[in-house]
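Okay, structure first, notes after.
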Amino acid sequence: MIEERLVTLLAEAIAKAAPSLGAATPLPVPELQRPRQKGFGDFTTNVAMVIASQAGVDPRATAAAIVEALPSAAFLAKAEVAGPGFINLWTTDEWLHDVMRQIAVEGDRYGAGAPTGRRIQVEFVSANPTGPLTIGHARNAAIGDALARLLTFAGHEVEREYYFNDAGGQMDRFGASVEARYLEALGRDAEVPEDGYHGDYVADLAREVLASEGPGLADLPEEERFVRLREGGAGIAMEHIRATLARFGVTFDSYFLEASLLERGEIAHAIERLREGGFVYDAEGATWFRSTAFGDDKDRVAIRSDGTHTYFGADIAYVLDKFSRGFDHLIYVWGADHHGDVARVRGVATALGFDADRVEIVLYQFVSFLRGGQPVKMSKRAGTFVSLDELIDEVGADAARFHLLLFSNDRPMNFDIAEVARQTLENPVYYVQYGHARIASILRRASDEGIELRPIEDADLTLLASEPEQDLMRALADGPGTIAIAAEHRAPHRLTHAAQDLAATFHRFYTECRVVSDDDSLTQARLWLSSATKQVLGTLLDLVGVSAPERMDRLDDADGSVGGAADGG
RNA sequence: GCGCCGGUAGCUCAGGGGAUAGAGCAGGGGACUUCUAAUCCUCAGGUCGCAGGUUCGAAUCCUGCCCGGCGCGCCA
């Protein structure tokens, strides 16, 4: 839109001015930025400084020459040289009106990318089915889901997958624990192994298995009993996990079972394929992957000397399985404790003949959970943990998700449960949601007064001339760019920040500009502005998986206290 | 020891080659005959961990160091 036209204009000017600039060809393509400060125009470019730096000439003079050569255009109001050699551009408001009309036409597709045809798989959460999801999985779920939403919005075909590690030693310990609790529930003597899972939830799971399978499992041959109880417990744990995720607003397209890799012989198959390529060898009774070929400091075991596969061994087959399903690109969402596995998995992809760039690992740093400033200590096997369900009960899914996406993935973060729960008045999520509800309230008000929103083509958008109105339109114009950057950088936190900024810009507009008034034309224009804002705010919230309420009840300080701190918290 | 990630306002964090480094909270002072005051305005608050280097220009890139988190299993 306007950006392309400005770039074309600048390119023309540069081509015209180049001979006198002594600039070397090829000439750089001008890049536009939205200046961070008002007063620096609607758009700005540093292209003169880039050219001057290459040619070794004065940047301000270069900028002046380019400005001088700029063809006149109806949409360009002013261009000037500023600072060390920036060219600042002021445009007419027409482009902002275009943005408004575009939002009206595109609705919830405003800012969305055209279909790319690329199939991307996002695999996330993937916690073992040995019990409930805990707050330790919350950041993964929030980031993974937001990324899936973002990439879908960007135009990709996205599939979300949850990988259940339902095989291996942890599962056996879990199975033995369920078995013991099952027998206990029947009044028999049994004990949870020392290295098993001791939490009360295991007894609950065992009772659920008892309820669904009956008491008959107790008298099966030991091996069969164990397997049935392990799988029964895991199955129920998986159902609980799905239910918890649903409460959190997260759903998956597929749930993949590690055990299925084994059943279908995929692990053996993948390893043989690597062996053919010379990436796998046998030593000390085990089967090793030559990960040192990919920068690892030592080779890694894929099949143990007892014949069972390691986590990594399953991963090899899993990568191959994913690619065989036709995905163009794979995204794994991992906690920082797995960063050491990144090179290995990408190495496996390379060794299997796939471009490592198609395997992308999104890492996030750990969350320190606190409650009233005190660290929350957790151990899943000891059964002392805060479940994700409890977190949702305490702070709400919206507040939890918004808070979890407030920080860059790379940043270790604190999450004080008591604070996020208590922050009903100061939590940014409510600030943003209130902005949305407030707009909805205005639109309701207009409708109640019998004011009809007429087609935007009939609205006189030039009436939106005050500073808060202009600021708001500019903020709306920035939405698609912000979303695109968030998607490219896998940085969903940019969305929560953008939502806060947009809400703030709207609240400012609200304070200074009466929307529903006696002035019919102005009312129409401002209703459209409000409606467009509601749309963009709604999109931003949706992309982070937070609800956009149509109304929020006003929090009256019923105690009538002055200052609102009388209750001490 | 090696690797990855952080260190920016009192606190929690954005910004990751460009102009005068931003926001929220906390703190001081203001604004409700009003479409929701869950709001807005304003003031105050900074050696961008430290030291070098690259560049016309560094919070941003490079090197070294300091502090904190996380890894470096035939665990998952």
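The chains referred to below are lettered A, B, ... by the order of the sequence lines, with proteins before strands, and numbering in each begins at 1.
With hydrogens and angles ignored, no donor-acceptor pair closer than 3.5 Å exists between the side chain of A:Arg438 and the base of B:rU34. Not a single donor-acceptor pair, N or O on each side, falls under 3.5 Å between the base of B:rA76 and the side chain of A:Thr310. Side-chain to base pairing of A:His339 with B:rG3: one donor and one acceptor N or O lie within less than 3.5 Å of each other. In terms of polar N and O atoms assigned as donor or acceptor, the side chain of A:Asp315 never comes within less than 3.5 Å of the base of B:rA76 in a complementary pairing. One can find a donor-acceptor pair under 3.5 Å joining the base of B:rC74 and the side-chain atoms of A:Ser305.
Phosphate proximity of B:rG69 to A:Arg411: absent, as no side-chain N or O sits under 4.0 Å from OP1 or OP2. Phosphate contact (OP1/OP2 of B:rU39, side-chain N/O of A:Tyr430, threshold under 4.0 Å): absent. The phosphate of B:rG15 has OP1 or OP2 within less than 4.0 Å of a side-chain N or O from A:His493.
Taking all atoms of both residues into account, the shortest heavy-atom contact from A:Arg526 to A:Cys513 is CZ-CB, 3.5 Å.
Side-chain atoms of A:Met552 lie closest to B:rA38 of the nucleotides B:rA19, B:rA38, B:rC75. The side chain of A:Asp297 has B:rC72 as its nearest neighbour among B:rA38, B:rU39, B:rC72. Taking every side-chain heavy atom of A:Ser408 into account, B:rA14 is the closest of B:rA19, B:rG73, B:rA14.
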Got a list of protein N/O to nucleotides 56-61 of chain B N/O distances below 3.5 Å?
none

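At the heavy-atom level, A:Ala82 lies under 4.0 Å from base atoms of the strands shown. Looking at heavy-atom distances under 4.0 Å, A:Arg551 makes contact with a base. Across all strands shown, A:Asp501 has no heavy atoms under 4.0 Å from either base or sugar-phosphate atoms.
Under the 4.0 Å criterion applied to side-chain N and carboxylate O atoms, A:Arg346 and A:Glu360 are not assigned as salt-bridge partners. A:Arg344 has no carboxylate O lying under 4.0 Å from a charged side-chain N of A:Asp299, or vice versa, which leaves the two without a salt bridge.
Looking at A:Ile451 and A:Leu527, their side chains come closer than 4.5 Å, going by heavy atoms from C-beta outward.
Distance check, rounded to the nearest 0.5 Å: OG of A:Ser531 to CD1 of A:Ile442 gives 11.0 Å.
For the residue pair A:Thr45 and A:Gln33, no side-chain donor N or O sits within less than 3.5 Å of a side-chain acceptor on the partner.
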Whenever both distances are under 3.5 Å in a Watson-Crick or G-U wobble pair, mark it; put RNA chain B into dot-bracket that way, with [ ] for crossing pairs and | when the partner is on another strand. (((((((..((((....[...)))).(((((.......))))).....(((((..]....))))))))))))....
